[in-house]
Amino acid sequence: MNRTAFIKFRGTNSFLLHSLSSFQFATHTASLHSNVSSFIHKITNLNDALNLFDEMSHTRPLPSVVKFNQLLTAVTKIKHFSSSLDLFKQMCAIGVPVDKYSMSIAIKCCCQLYRTKDGFALLGCCFRRAISPHVYIYNALLDGLVLEDKILEAEMLFKKLIKQNLCEPDVVTYSTMIKGLCKFGNNVTALALLRLMEQKNCKPDIVTYSTIIDSLCKDKMMDDAFKLFKEMLFEKGILPDVITYTSLIHGLCNLGRWDEASKLLKQMEDENISPNVKTFNVLVDAFCKEGKVEEAEAVINIMIERGEVPNIVTYSSLIDGYCLRGEMIKAREIFDSMTLRGLVPDVVTYSSLLNGYCKNRNIEEAMQMFRQMTGQGLKPNVVTYSTMLQGLFRVGRCVDARKLFDEMYAQGQNPNECTYRIVLEGLCSNRQVEDALSLFHLIGDSRLNSDIVVYTILIDGAGKCGKVDIARVLFQGLIDKGLQPNVRTYTVMISGFCQEGLLGEAKLLFLKMDESGCPPDNVTYRVLLQGCLKNQHCDDVVMLLQEMDDRGYSLDASTLSLFIDHIAAGLLDRSMLKLLGKLVPKELLDDSSLCDWE
DNA sequence: CTAGGGTTAG
């Protein structure tokens, strides 16, 4: 065989092979192309999607970008954002001509992964590739900024869109910006934006209204929420849906306005809107927060009867309810039964149970569950760690708390204000005020340093340890900073003075708080009265009791028994008994021997 | 072939 013949043979052979394979490809491709859409719509798991992508990317000619976009959409719908991003990158790599659709999906994925920065980088790619970014892309970016709590940047982007005419904001743009404002508690600006969009002829829809209604409900401003609800319904003719109703019911339940909540439930049923899992969960949670687990269980039974399946949120609330009542065996039973139902407890579920064990002083069980959760690959977060820290401090295990605090850092979970409050309070209640103070100064966090609750904890801790000088300095310090002491702050400071026998200072502050527009409450009076009695400083006692009566306050058992002791010992005049009798709450009379003496 | 609102823990 000569060289030419060889080449020809090779060529023939190759041609044969090629035609064979292209024939196969052709049939395959044809079926792939006709079926790909129906295939994509059936995708429920990531593996199918990845396999299909693999097949598509080896098909020649390449399927259209539309098919790829459909696949990306499917992967995004099942919330596998990082896989979706990977696929997008592969699309670019194999030369699929990505378009604005692919881009907006990729950007959305970045944003949902808390990587809005990367989203903006992709926006840059759009410009380089001459893909003109449309409103969908900007909406995804705006949503990402809101998700990451970058409200200022979100506002800047929003304004830039309008000023530089980058795109015409649509109802989604406005609604997203409104959501961001609401997230930061700025209902006023959110409402202003609602009015602005109307002016600009962009009609708010049910999402826009529901976003603000929900925010008002969360802020317990039910009147405003209902006002907006009525405006939506009667002026705009937009019918509420299950989400709108769920927000309103949530708001009412949180305020204990059960009658109105059930009225609203009935109203939605009359309108043929069925409550769904989230609606039921709101009810379950509200009952549980009041310790009414029987009612919560009844709601769960109703939801099951009506074909809704309770989820981990449902059971997490229920666990919380049982924990609140100290019924830890029952709480654990619910937790274990979740697994049997095929529900996997998550960090929140674990944290609720851990909190229950901690609050009920079963730190051993809490520790064991904590290890179990990490063993299952669940990462404890700042809430979980804070819960455990609180539990350890509660039983006085400061050294272990310290270890866990270090572990928390090592695991990359940064303590937040709540963690610091727990640690500072834990140290104080374990008589380690010095450590608490040095930690407080060490942190130097501006928000923590301007937190009146933290100051109150420290003043209380110092006072209880007999370090009234430190307490006084802290109190002066917060005043100098322009912070407003609340009734608890005043009360712990007064308590500190009383404990050291500094009745003069205690009374001065007592007068000052009232003048400052912070009237003393029940507890303040009791603290001051106990201080007076313990320090044999009885001149003002009658006057204080009289004031309490005028204000409709009452005495607690310990203050009352202190009075009785003093009267019995002849340190106080018996004529005081009549006044004291007026200040005894009925509950005390019912269940104690104190009723013998009036 | 793309977007936005409601439920759980310290």
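Quick note on labels: first sequence line is chain A, next is B, and so on, each numbered from 1. Given the structure is predicted, the values throughout are model-derived calculations rather than measurements.
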How close or far is atom [atom2] of [N] from atom [atom1] of [X], stated in whole angstroms?
{"X": "A/Asp320", "N": "B/dT8", "atom1": "CG", "atom2": "P", "result": "11 Å"}
{"X": "A/Leu52", "N": "B/dC1", "atom1": "CG", "atom2": "C1'", "result": "14 Å"}
{"X": "A/Phe68", "N": "B/dC1", "atom1": "CZ", "atom2": "C1'", "result": "13 Å"}
{"X": "A/Ile319", "N": "B/dG10", "atom1": "CD1", "atom2": "P", "result": "13 Å"}
{"X": "A/Ile43", "N": "B/dC1", "atom1": "CD1", "atom2": "C1'", "result": "13 Å"}
{"X": "A/Met369", "N": "B/dG10", "atom1": "CE", "atom2": "C1'", "result": "17 Å"}
{"X": "A/Leu353", "N": "B/dT8", "atom1": "CG", "atom2": "C1'", "result": "13 Å"}

- Between the side-chain atoms of A/Ser352 and the base atoms of B/dA9, is any donor-acceptor pair under 3.5 Å?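 Under the 3.5 Å cut-off, the side chain and the base do not form any donor-acceptor pair.
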- Message: Using a distance-only criterion (donor-acceptor N/O pair, under 3.5 Å, no hydrogens), is the base of B/dG10 paired with the side chain of A/Ser386?
- Response: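 Such a pair exists between side chain and base.
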- Would you mind building the protein contact string for nucleotides 2-7 of chain B? One character per nucleotide, 5' to 3', B for base within reach (heavy atoms under 4.0 Å), S for sugar-phosphate only, - for untouched. BBBBBB
- Task: Mind checking side chain to side chain donor-acceptor pair (under 3.5 Å) for A/Thr387 and listing every partner two or more places apart, or none if nothing turns up?
- Result: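 Here no residue qualifies.
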- Message: So, using ring pair (Phe, Tyr, Trp, His ring centres under 6.0 Å) as the criterion, who are the partners of A/Tyr209 when residues are at least two apart?
- Response: none
- Contacts of type ring pair (Phe, Tyr, Trp, His ring centres under 6.0 Å), residue A/Tyr350, not counting sequence neighbours: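 A/Tyr350: ring pair (Phe, Tyr, Trp, His ring centres under 6.0 Å) contacts with A/Phe335.
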- Query: Aromatic ring centroids of A/Tyr114 and A/Phe81 under 6.0 Å?
  - Reply: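 No, ring centres 6.0 Å or more apart.
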- Message: Under the rule for side chain to side chain contact (heavy atoms under 4.5 Å, CB included), what residues qualify as partners of A/Val65, not counting sequence neighbours?
- Response: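 For A/Val65 the side chain to side chain contact (heavy atoms under 4.5 Å, CB included) partners, ignoring immediate neighbours, are A/Asn69, A/Met91, A/Val96, A/Asp99, A/Ser102.
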- Pairing residues for A/Glu260 by the side chain to side chain contact (heavy atoms under 4.5 Å, CB included) criterion, not counting sequence neighbours: A/Leu252, A/Arg257
- Query: If you look at every strand shown and take non-hydrogen atoms under 4.0 Å, does A/Val284 touch a base, only sugar-phosphate, or nothing?
  - Reply: nothing
